[in-house]
S.K.: 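The structure follows.
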Amino acid sequence: MAAKIPATVVTGFLGAGKTTLIRHMLQNADGKRIALIINEFGDLGVDGEILKGCGIETCTEDDVVELSNGCICCTVAEDFVPTMKMLIEREDAPDHIVIETSGLALPQPLVRAFNWPEIRTRVTVDGVVTVVDGPAVEAGQFAADTDAVDALRTADDNLDHETPLSELFEDQMACADMVVVNKADLLGEAGAEALAARLRGAARAGVQVLKTSHGAVDPRVLLGLGIGAEDDLDARHEVHHHHHHDDGDDHHDDHDHDHEHEHGHDAFESFVVDLPEVGDPMIFVEGVKAVIGAHCLLRVKGFAAVPGKPMRMVLQAVGPRVDTHFDRPFAASEPRVSRLVVIGQEGLDQTAISDALRRLVAQPESLSA
């Protein structure tokens with residue numbers, strides 16, 4: 001029998017740095033063919049586009065699969081298992097599969113799904129990697145922008161667990177084989193080590209806790225853990241049992257998803273703003289920050305074309321923090337345009353926000369909304 005394909009589950013809250021960590025991993029994969037399953041928020045596909053933009057020959061567009069129908073741990077039967085079957089049954093099956101969960105996913109039900117009959121003889125969980133936002137955890141918030149996490153809750157009609165952030169964090173830690181404390185540079189050397197030591201003390205025996213910045217973890221450290229987590233579920237018990245899906249051969253009777261959702265949060269909305277080239281990128285970023293503050297936006301993410309730059313600029317904002325990088329050249333047939341996804345609480349003045357962003361392009365020196 002052929003060896004099982006290893007799969008790594010990457011979990012953690014919105015803004016912790018999961019996509020950045022995966023992007024770094026792809027760029028340093030040393031020829032390993034890696035397929036990605038991305039549990040994107042909504043149906044806008046920006047995180048997938050960021051990863052597709054890595055330009056890695058061994059990770060093509062066919063190797064990136066986006067699941068946009070809700071929290072992956074709540075849609076195992078409908079989305080996850082069929083996607084895994086598709087990847088492992090390909091003639092050019094991947095060497096490794098990496099699964100990026102949404103910010104609200106509970107990792108235990110996902111690991112449990114690897115025992116489904118359709119896939120359990122073909123794939124194994126190499127390890128669960130929990131990425132934490134160092135400064136947020138140190139502050140006791142767990143996520144840098146808790147309102148943005150609540151936006152994910154109400155946007156997901158399939159979510160069948162309503163869980164405080166502290167309990168979600170405990171579940172993510174309880175399931176982890178490796179904990180990556182990201183943004184360690186923002187804590188200082190002593191602060192980062194103190195937080196890492198605290199997390200080591202709270203983790204299961206043998207769990208690795210690493211400090212990093214910008215998701216820069218060597219793939220040789222990240223992959224190849226060889227844990228077989230699906231056979232080790234008792235050790236990574238759910239702290240809070242939100243799901244009641246059994247393993248075994250009778251899964252399909254348990255996933256009708258006739259759940260009642262009592263989110264208890266305001267509703268949220270998102271929309272897309274298309275723009276031409278943005279001019280000075282530094283001025284544009286400052287302008288985006290001003291628009292975020294003026295309209296209390298939770299998240300802005302997307303791409304921008306910069307005059308004179310052959311490469312596309314990726315922009316991601318969680319709360320007031322805006323990060324940018326250039327990911328890949330525009331294709332010859334690709335229009336040099338910009339596109340931003342705006343996420344906020346329901347009732348956004350979409351016209352005013354769109355006009356404010358367009359003014360930044362028309363009059364880049366104007367930073368007011």
Side-chain angles (χ1 to χ4, degrees), residues 6-41 44-68 72 87 94-103 105 126-134 144 178-186 210-224 281 285 299-304 309-318 321-331 339-341:
T8 297
V9 176
V10 180
T11 187
F13 287 128
L14 173 71
K18 300 188 299 293
T19 301
T20 304
L21 178 136
I22 292 171
R23 189 173 191 274
H24 181 273
M25 177 194 67
L26 293 177
Q27 291 177 322
N28 296 276
D30 196 25
K32 185 186 292 289
R33 186 179 184 90
I34 299 175
L36 306 175
I37 299 176
I38 302 168
N39 193 194
E40 172 66 287
F41 163 60
L44 298 169
V46 170
D47 286 348
E49 283 297 320
I50 291 171
L51 291 168
K52 289 175 185 176
C54 287
I56 309 299
E57 291 183 3
T58 52
C59 182
T60 67
E61 290 200 12
D62 291 339
D63 294 318
V64 181
V65 182
E66 295 171 83
L67 303 182
S68 58
I72 193 171
L87 287 175
D95 300 319
H96 203 108
I97 299 170
V98 174
I99 303 150
E100 179 188 356
T101 71
S102 80
D126 184 62
V128 177
V129 177
T130 296
V131 184
V132 303
D133 183 321
M178 177 182 291
V179 177
V180 176
V181 180
N182 200 25
K183 308 178 190 177
D185 55 317
L186 302 180
L210 312 178
K211 297 171 294 180
T212 191
S213 300
H214 310 294
V217 179
D218 191 323
R220 292 173 297 181
V221 174
L222 197 66
L223 306 180
V285 166
R299 195 170 191 197
V300 177
K301 58 182 181 177
F303 318 101
K309 296 283 188 180
M311 301 188 77
R312 185 179 67 170
M313 184 177 80
V314 175
L315 181 149
Q316 298 191 81
V318 179
R321 189 179 68 248
V322 180
D323 296 317
T324 63
H325 67 270
F326 288 92
D327 72 335
R328 66 164 175 82
F330 282 92
R339 167 168 284 200
L340 298 178
V341 180

S.K.: Drop me the distance from Thr212's OG1 to Asn182's CG, to the nearest 0.5 angstrom.
M.R.: 6.0 Å

S.K.: Nearest 0.5 Å please: distance from the CG atom of Leu36 over to the CG atom of Leu26.
M.R.: 5.0 Å

S.K.: Just so I know, are the side chains of Lys183 and His214 near enough to count as touching, which here means a heavy-atom distance under 4.5 Å?
M.R.: no

S.K.: Hey, are the side chains of Ile97 and Ile34 touching, using non-hydrogen atoms and a 4.5 Å cut-off?
M.R.: no

S.K.: Do the side chains of Asp327 and Met311 get nearer than 4.5 Å, heavy atoms only?
M.R.: no

S.K.: Are the side chain of Asp185 and the backbone of Ser213 linked by a donor-acceptor contact shorter than 3.5 Å?
M.R.: no

S.K.: Can you confirm if the NZ or CZ of Arg312 lies within 45° of the ring axis of Phe303 and under 6.0 Å from the centre of its six-membered ring?
M.R.: yes

S.K.: Between Pro281 and Met313, what is the shortest heavy-atom contact and its length?
M.R.: CB-SD, 3.7 Å

S.K.: Measure the shortest side-chain to side-chain distance between Val217 and Leu21 over non-hydrogen atoms and say whether it is less than 4.5 angstrom.
M.R.: yes

S.K.: Any heavy-atom pair between the side chains of Val285 and Thr324 that's under 4.5 Å?
M.R.: yes

S.K.: Taking all atoms of both residues into account, what is the closest heavy-atom pair of His24 and Gly215, and its distance?
M.R.: CB-O, 3.6 Å

S.K.: Should the pair Lys32-Asp95 be classified as a salt bridge under the 4.0 Å nitrogen-to-oxygen rule?
M.R.: no

S.K.: Supply the atom-to-atom distance Glu100 CD to Lys18 NZ, rounded to the nearest 0.5 angstrom.
M.R.: 5.5 Å

S.K.: Are the side chains of Thr11 and Val131 in contact, using a 4.5 Å heavy-atom criterion?
M.R.: no

S.K.: Which heavy atom of Pro219 sits nearest a heavy atom of Asn28, and at what distance?
M.R.: CG-O, 3.3 Å

S.K.: Is there a side chain to side chain contact (heavy atoms under 4.5 Å, CB included) between Val9 and Thr101? Walk through the geometry before answering.
M.R.: CA-CA 7 Å; Val9 176; Thr101 71; 3.9 Å; yes

S.K.: Using a 3.5 Å distance criterion without hydrogens, assess whether the side chain of Asp126 forms a donor-acceptor pair with backbone atoms of Gly224.
M.R.: yes

S.K.: Which heavy atom of Leu87 sits nearest a heavy atom of Pro94, and at what distance?
M.R.: O-CD, 3.5 Å

S.K.: Kindly compute the distance separating CE (Met178) from CG (Leu210), expressed to the nearest 0.5 Å.
M.R.: 5.0 Å

S.K.: Heavy-atom distance under 4.5 Å between the side chains of Thr8 and Leu223, does that happen here?
M.R.: yes

S.K.: Taking the side chain as C-beta and beyond, is there a heavy-atom pair between Val322 and Leu315 under 4.5 Å?
M.R.: yes

S.K.: After noting the C-alpha distance and the side-chain angles of Val179 and Val132, does the key distance pass the side chain to side chain contact (heavy atoms under 4.5 Å, CB included) rule?
M.R.: CA-CA 7 Å; Val179 177; Val132 303; 4.2 Å; yes

